[in-house]
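Worksheet: one structure, shown below.
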There are 2 protein chains.
Amino acid sequence: MKKNYLTKSTEDYLETILVLSLDKRVVRIKDLAKHLNVKKPSVVSAVKYLKRKNLVKQEHYGHIELTEEGEVVARKIYKRHKALYKFLHNFLGIDPSIAEKDACRIEHFLTPETMERILKFIEFIEICPKKSPNWLNNFYYFVKTGKLPEICKKC
Amino acid sequence: MKKNYLTKSTEDYLETILVLSLDKRVVRIKDLAKHLNVKKPSVVSAVKYLKRKNLVKQEHYGHIELTEEGEVVARKIYKRHKALYKFLHNFLGIDPSIAEKDACRIEHFLTPETMERILKFIEFIEICPKKSPNWLNNFYYFVKTGKLPEICKKC
DNA sequence: TAACTTTGTTAGGATAATCTAATTTATAAT
DNA sequence: ATTATAAATTAGATTATCCTAACAAAGTTA
């Protein structure tokens with residue numbers, strides 16, 4: 001059983017590799033450096049670490065890819081990020097760029113329980129019209145039972 | 001103009017000094033060590049730093065107190081903490097001990113804008129019965145105008 | 001293909017936050 | 001008051017993350 005803990009910094013590298021690879025042909029050291037606001041040698045050593053962990057692969061002087069395992073991990077992190085962004089922006093009404101920043105900052109630190117609850121909350125508000133009376137209690141009901149209350153289904 | 005940035009760690013020390021001094025006669029190095037799960041030398045060096053910043057005072061080998069300035073800062077941090085706790089527990093329904101943990105973890109990282117919004121949200125849900133239809137829009141109205149909608153005042 | 005430019009790498013160092021082990025001071029007990 | 005215990009301090013090491021400067025490889029262009 002391998003040690004599975006990743007630091008904030010390491011998670012950021014992984015996540016950024018995923019995000020960049022979604023709209024770029026290839027991901028390079030300099031791209032990561034730019035996005036993460038660090039210098040290239042920092043990226044090099046982070047990538048070296050991730051290679052040891054079998055989360056990314058890279059030929060010497062070549063471009064960077066996630067391994068299968070790395071992609072699984074990166075997608076989890078990215079999922080958290082998106083959920084937090086939605087929570088902050090769609091629900092609390094925080095401006096996009098700020099919501100983005102906060103999502104980045106706290107995505108690494110929430111307990112799984114709270115993260116789970118926020119995911120559930122997002123799911124709920126995307127279904128529920130938020131207009132029904134007693135709206136919040138409907139959410140608690142949803143958390144508890146996993147089922148939407150009758151009243152919600154009508155929307 | 002003095003540099004005013006405190007790290008996560010430093011904020012934790014300050015906050016803990018405040019919290020402990022609320023129900024203890026005096027706060028000592030070992031108390032901080034215990035609460036923060038670090039060893040005494042770590043506390044000593046953190047306190048040394050905070051002394052340089054004029055945020056705490058301590059006689060050699062003596063107990064620890066916040067300066068006036070330190071208390072102001074610590075109260076701000078603690079206020080954030082309590083708001084986040086309420087948000088997680090009272091609103092999202094997270095269990096107390098977990099909500100506590102998450103509040104601790106993220107209190108240092110939120111942007112002022114988001115923190116402000118969460119404070120507003122807490123304020124709102126403590127007044128609003130959460131039962132009125134269109135509840136969430138009432139919150140947005142409150143954010144925008146600073147005033148509670150008519151319907152809320154009836155509760 | 002030789003020279004130039006861009007990109008990646010290595011070496012070596014800085015800082016923040018922690019630790020252990022040894023030491024010093026303060027407090028309590030006989 | 002002397003001794004024993006508890007608490008605080010210092011010295012020195014470790015780890016993670018970042019940096020700059022120097023260098024090496026790859027890619028581009030004339």
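Convention: sequence-line order gives letters A, B, ...; per-chain numbering from 1. On a predicted model such as this, the values are computed, not experimentally measured, just so you know.
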Using atom OH of Tyr49(A) as one end and atom P of dA16(D) as the other, report the distance to the nearest whole Å.
8 Å

Take atom NE2 of His108(A) and atom P of dA16(D), then tell me their distance rounded to the nearest Å.
17 Å

Any side-chain N or O of Ser45(A) under 4.0 Å from OP1/OP2 of dC18(D)?
no

Given that Glu59(B) and Arg28(A) both sit by DNA chain D, which one's nearest nucleotide is further toward the 5' end?
Glu59(B)

Rounded to whole Å, the NE2-P distance (His63(A) to dT6(C)) equals 21 Å

In whole angstroms, how far is the P atom of dC19(C) from the CG atom of Leu36(B)?
10 Å

Using a heavy-atom cut-off of 4.0 Å across all strands, would you classify Ser42(B) as base, sugar-phosphate, or nothing?
base

Do you know which two heavy atoms are closest between Ala83(A) and Leu119(A), and how far apart they sit?
CB-CD2, 3.4 Å

Side-chain N,O (Lys48(B)) to OP1/OP2 (dT10(D)) below 4.0 Å
yes

Check every strand shown and say whether Val38(A) touches a base, only sugar-phosphate, or nothing at a heavy-atom separation below 4.0 Å.
sugar-phosphate

Check whether any side-chain N or O of Tyr13(A) sits under 4.0 Å from OP1 or OP2 of dC18(D), and answer yes or no.
yes

Fit a plane to each ring of Phe91(B) and Phe121(A), take the angle between them on a 0 to 90° scale, and name the class: parallel (under 30°), tilted (30 to 60°) or perpendicular (over 60°).
perpendicular

Ion pair check, Lys120(A) and Glu116(A), cut-off under 4.0 Å
no

In whole angstroms, the gap separating P of dT23(C) from NE2 of His60(B) amounts to 17 Å

note: Lys39(A), atom NZ; dA14(C), atom C1'; distance rounded to Å ~ 16 Å

If you only use heavy atoms from C-beta on, which nucleotide in dA16(D), dT9(D), dG8(C) is closest to the side chain of Thr7(A)?
dA16(D)

Measure the distance from CG on Leu32(A) to C1' on dT7(C) and round it to the nearest whole Å.
13 Å

For dT7(C), does OP1 or OP2 lie under 4.0 Å from any side-chain N or O of Gln58(A)?
no

Does a side-chain N or O from Ser9(B) land closer than 4.0 Å to OP1 or OP2 of dA16(C), or not?
no

Spell out yes or no: do the side chain of Lys30(B) and the base of dA7(D) have one donor N/O and one acceptor N/O closer than 3.5 Å?
no

Sub-4.5 Å side-chain heavy-atom contact between Leu110(B) and Leu84(B)
yes

If every non-hydrogen atom of Ile17(A) is compared with every non-hydrogen atom of Val27(A), which pair is closest and at what distance?
O-CG2, 4.0 Å

More 5' along DNA chain C: Val27(A) or Pro41(B), using each one's nearest nucleotide?
Val27(A)

d(CD1, Ile29(A); P, dT10(C)) in whole Å:
10 Å

